[in-house]
Amino acid sequence: MKAFLQRFGALVAGVLQGFDRLVFKGKLRHLYGPEGMHAFFGINRIPREDFKTHVAGITKQVLEASLVAEAKKLQRYRYLNSSNTDKEETARQIAAEQRVQQGLVCVLQCVEPCWTFDTFKDRKGTPVIQGERGKCSHLYHYYIHPKFGWMYVRLQTWFPFEIQVGLNGREWLSRQMDAEKLLYLRSDNKFLDVADWQRAQQLFDEQLQTDWVSELDCLQQQVHPLHPQHLGRMPLNYNWTVFQSELATDVAFHSQDVLAKWFDRWLRQAYMSYASVDVLRFLGRTGRIWPKGRMTILTSVHDRFEGKRIKHWVDHNSLKLYTHANVLRPETTINNAEEIRVFRTATNDPEGQPAWRSLRRTVADVTQRAAFSQQVNERYLEALATTAETRTLKELAEPLTCRVLEPANKPGQTPRRVRGLNPLGMADAALLTAVADPKWMVNGLRNRDLVAMLYSTSAEDAQESRRRSSRVTRLLRLLRAHGLLEKIPKSHRYQVSPEARVKIQALLACRNANPDLLVSKVA
C-alpha cells in the first residue's frame with residue numbers, strides 16, 4: 001500500500017479499508033447430528049414415534065413468535081412462491097412503499113433447501129432419527145437497524161433452527177459518520193468523497209472491536225424469541241461463525257478520468273503478468289504452495305456496463321479488482337476459512353506458542369480475518385504500483401551500473417566498493433528475476449531460497465553446497481549495497497523495497513522488450 005501511495009499520492013483523495021459484506025451463521029451445534037437429536041428427545045422424554053408431531057408443533061410456535069403477526073398487521077409480510085425470488089429487491093420495494101425509516105422493514109417467508117431431520121425404522125422396527133438434506137420454511141427479517149443499518153436475519157423454522165445474519169460494513173460506517181455529522185458522498189456501497197478520511201478510517205476500525213456474540217444474540221432474540229424455551233430440558237446457546245466475508249480497500253481518486261486511464265494499464269498487467277503462483281502468493285500461500293489434493297486457480301476478466309473487473313479464484317476464496325466512479329477497489333472474499341493460513345495459537349491452548357494454522361470460522365477471529373484480507377489487498381496494490389513509473393530508464397538504471405560503497409556493518413569498519421550491475425547480462429538478469437518473484441513479498445527471501453532459484457540442480461556434495469551459499473551471500477551483499485534488498489530485523493530474510501521493485505521491473509521489461517516496438521513508440 002505504501003508503494004502504491006508513493007506513486008499515486010497526488011492523484012488520491014483518500015483510502016478506506018474495512019469489511020463490505022459480512023454473513024454470520026448461528027448454529028445449535030449439538031443438534032446437528034442424529035446423536036444430539038436422540039439426546040434431545042431422550043432428555044425431554046419424548047417418544048421418537050411422536051417426532052413429526054412434536055417438531056411440527058414447535059415450528060408452528062416459532063412462526064407465531066417470530067414477528068409474523070406484527071408484519072402482517074403492518075402489511076409488511078410476503079409469502080414467496082419461489083426461493084429464487086430476489087428477497088433484497090422485494091424488501092426494498094416494501095421499504096419504499098411503506099416509507100420505512102427504521103426498525104422492521106418486512107418478513108418474507110419461503111421454502112428453501114436446508115439440513116434437517118426425519119425418522120425411519122431400523123431392522124427391529126425402532127424409530128431412528130436421521131439427518132438429511134431437505135426443505136423447510138424460512139423467515140427473512142429485513143431491518144433498518146439503528147447501528148448496522150440495512151440488514152437481514154434468516155431463521156430456519158424446523159430443527160435445527162439455523163440462523164443467518166447478513167450486514168454491510170459500509171452501510172454501518174455511513175451511520176457512524178451520520179452520528180458524528182461527518183459529510184460524505186456515497187454511491188451504492190462506495191464512498192466517493194469524505195470530509196475527513198482519517199476519521200472515517202478510525203470509525204471503520206472501531207467496527208473490529210464489536211462484541212459479536214452479544215450483538216448476534218440480541219438479533220437472535222428479536223427474530224426467534226421462543227429460544228431456548230422450545231428446547232425444554234436441553235437449553236443450548238447459539239454458536240456464531242463467519243460464513244462469508246468481503247474486505248475491500250477503496251482508493252478514491254480525485255478524478256474518475258485519471259483512474260480510468262490507469263485502470264486499463266493495471267488490468268492488462270494483472271491479466272497478462274500474474275501467473276497462478278503469483279495469485280497464490282497474493283493470497284498468502286507460502287512455503288509449500290500445493291496442498292494435498294487438487295487446487296482450482298482461475299482468473300477471469302469481465303467488461304460490463306458497470307465497468308471492468310478482474311477476479312482471481314483460489315478454490316473457494318477470491319481476490320478481485322474493479323472500479324466504481326472514482327473509486328479503485330481490490331476486494332478479498334473468504335468463503336472457506338480453512339483454506340487460509342494465519343499465525344495464531346491453538347484453539348485449546350490460547351496461551352501457547354503461535355504457529356501457522358488454519359483461520360477459524362469463529363467470530364473470535366474476525367480481527368485476524370480482517371488483517372489477513374487487508375494484507376492481500378495491499379500486496380495486490382503494491383504489485384500494480386510498478387506500472388506507474390514515469391522516470392526514464394536512464395534515471396532508473398544508471399545508478400545501478402556504477403560501483404558503490406557497501407555500508408559498513410560494524411562501527412569503524414572501512415566501507416568496501418562493490419561492482420555495478422549489468423541488467424542486460426544473463427547472470428545479473430537471472431539474479432534480478434529471482435529476487436523480484438512475488439512469492440517473497442509475504443515472508444521474505446533467504447540465502448537458501450536464492451540458491452534454489454539460481455541453481456536448477458542439487459549440489460553434489462557439502463563442499464559444492466557451501467560454495468553456492470558463499471556466492472549467494474556475496475550476491476545478497478551486492479544487492480543490499482545497491483539498495484535493492486532490505487534485511488528484515490532479527491532474521492536471516494530479505495525483502496525487495498518498494499522503490500527497488502520499480503527499478504527491477506522496469507529493467508527486466510526493457511531487457512525483454514521488442515526493439516521494433518520500442519523504436520515505433522519513440523517515433
Side-chain angles (χ1 to χ4, degrees), residues 21-32 55-80 83 85-95 98 100-116 135-168 171-172 175 210-232 234-244 363:
R21 182 168 71 238
L22 271 174
V23 181
F24 300 92
K25 290 276 192 182
K27 296 183 178 181
L28 303 173
R29 295 176 61 182
H30 293 287
L31 297 184
Y32 264 74
V55 298
I58 291 179
T59 293
K60 183 178 179 181
Q61 297 175 40
V62 169
L63 286 167
E64 291 174 350
S66 189
L67 301 179
V68 173
E70 179 184 346
K72 288 181 177 179
K73 183 178 179 180
L74 296 171
Q75 297 184 344
R76 299 179 189 174
Y77 167 82
R78 297 285 191 281
Y79 182 85
L80 306 179
S83 61
T85 303
D86 191 327
K87 301 166 187 67
E88 178 88 5
E89 183 180 350
T90 302
R92 292 195 180 275
Q93 288 176 355
I94 294 174
Q98 300 285 335
V100 182
Q101 299 297 321
Q102 191 162 313
L104 179 68
V105 174
C106 65
V107 176
L108 308 178
Q109 183 177 358
C110 68
V111 176
E112 292 184 334
C114 65
W115 176 256
T116 185
K135 292 183 177 182
C136 78
S137 190
H138 289 73
L139 297 177
Y140 282 80
H141 297 72
Y142 277 88
Y143 290 95
I144 300 179
H145 193 273
K147 181 175 183 178
F148 302 123
W150 183 273
M151 60 166 297
Y152 75 88
V153 184
R154 184 184 76 166
L155 171 64
Q156 179 179 328
T157 62
W158 191 273
F159 276 90
F161 304 107
E162 181 178 285
I163 295 177
Q164 181 171 305
V165 178
L167 54 91
N168 189 284
E171 173 76 13
W172 182 0
R175 301 186 79 82
T210 301
D211 183 352
W212 284 110
V213 174
S214 176
E215 294 286 355
L216 294 169
D217 280 345
C218 288
L219 292 169
Q220 170 261 303
Q221 282 298 317
Q222 291 183 47
V223 304
H224 188 22
L226 196 63
H227 180 82
Q229 289 83 359
H230 66 306
L231 299 179
M234 194 177 174
L236 298 169
N237 293 324
Y238 272 93
N239 177 65
W240 296 103
T241 59
V242 183
F243 175 66
Q244 184 184 74
V363 292

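Keep in mind the model is a prediction, meaning the values are calculated, not measured. Side chains are part of it too, since the values below use all heavy atoms of this structure and drop only hydrogens, waters and symmetry mates.
No side-chain donor from either of Glu215 and Trp240 sits under 3.5 Å from a side-chain acceptor of the other.
Close placement of the His224 and Phe161 rings is indicated, their centers lying within 6.0 Å of each other.
Between Met151 and Val165, some side-chain heavy-atom pair lies under the 4.5 Å cut-off. Inter-residue side-chain proximity for Val100 and Tyr143 is flagged as unmet; no heavy-atom pair is nearer than 4.5 Å. Annotation: side chain of Val68 is not in contact with side chain of Glu64 (no heavy-atom distance under 4.5 Å). Counting heavy atoms from C-beta outward, Ile94 and Leu108 have side chains that approach closer than 4.5 Å. A heavy-atom distance below 4.5 Å is found between the side chains of Val242 and Phe24. Residues Val223 and Tyr140 are not in side-chain contact: their nearest non-hydrogen atoms beyond the backbone lie 4.5 Å or more apart.
Residues Glu171 and Gly149 approach most closely at OE2-CA, 3.6 Å, considering heavy atoms. For the pair Leu104 and Arg76, the tightest heavy-atom approach, listed with the atom from each and the gap, is O-NH1, 2.6 Å. Contact record, Leu31 with Pro160: O-CB, 3.7 Å, taken as the closest heavy-atom pair. Between Lys87 and Cys110, the shortest heavy-atom distance links the atoms CE-SG, 3.6 Å.
Taking the ring axis of Tyr32 as reference, the NZ or CZ atom of Lys27 stays within 45° of it and closer than 6.0 Å to the ring centre.
For the atom pair CD (Gln156) and OG1 (Thr116), the distance works out to 6.0 Å, reported to the nearest 0.5 Å. Atom CD1 of Ile58 is separated from atom CG of Leu226 by 8.0 Å, given to the nearest 0.5 angstrom. The structure places CH2 of Trp158 at 15.5 Å from NZ of Lys135, a figure rounded to the nearest 0.5 Å.
Other residues, nucleotides and ligands contribute more than 12 heavy atoms inside 6.0 Å of the NZ atom of Lys147. Atom CD of Gln75 is surrounded by 12 or fewer heavy atoms from other residues, nucleotides or ligands within 6.0 Å. Under a cut-off of 6.0 angstrom, the local environment of NE2 in His30 is sparse, with at most 12 non-hydrogen atoms contributed by other residues, nucleotides or ligands.
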Apply side-chain contact (heavy atoms from CB on, under 4.5 Å) to Tyr152 and Leu219, showing your working.
CA-CA 10 Å; Tyr152 75 88; Leu219 292 169; over 6 Å; no
Decide side-chain contact (heavy atoms from CB on, under 4.5 Å) for Cys106 and Gln98; before the verdict, give the C-alpha distance in whole Å, the side-chain angles of both, and the deciding distance to 0.1 Å.
CA-CA 10 Å; Cys106 65; Gln98 300 285 335; over 6 Å; no
Could you give me the CA-CA distance, side-chain angles and deciding distance for Lys25 and Gln244, then say whether side-chain contact (heavy atoms from CB on, under 4.5 Å) is met?
CA-CA 9 Å; Lys25 290 276 192 182; Gln244 184 184 74; over 6 Å; no
If you apply the rule side-chain contact (heavy atoms from CB on, under 4.5 Å), what do you find for Val153 with Gln222, and how did you get there?
CA-CA 9 Å; Val153 184; Gln222 291 183 47; over 6 Å; no
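The aromatic rings of Trp150 and Tyr142 sit tilted, their planes meeting at an angle between 30° and 60°. Taking the six-membered ring for Trp and thresholds of 30 and 60 degrees, Trp172 and Phe148 have ring planes more than 60 degrees apart, a perpendicular arrangement.
Side chain of Arg175 to backbone of His145: a donor-acceptor contact under 3.5 angstrom is found. Formation of a donor-acceptor pair under 3.5 Å by the Glu162 side chain with backbone atoms of Trp115 is not found in this model. Side-chain atoms of Thr59 come within 3.5 Å of backbone N or O of Thr157 as a donor-acceptor pair.
No option in Asp211, Asp217, Leu216, Thr210 other than Asp211 meets the side-chain contact (heavy atoms from CB on, under 4.5 Å) test with Ser214. Partner of Leu28 under the side-chain contact (heavy atoms from CB on, under 4.5 Å) criterion, chosen from Asn237, Ile163, Asn239, Leu231: Leu231. Residue Ser66 is tested with Gln61, Gln109, His141 for a side chain to side chain donor-acceptor pair (under 3.5 Å); the sole match is His141.
Residues passing the side-chain contact (heavy atoms from CB on, under 4.5 Å) test with Ser83 are Glu112, sequence neighbours excluded.
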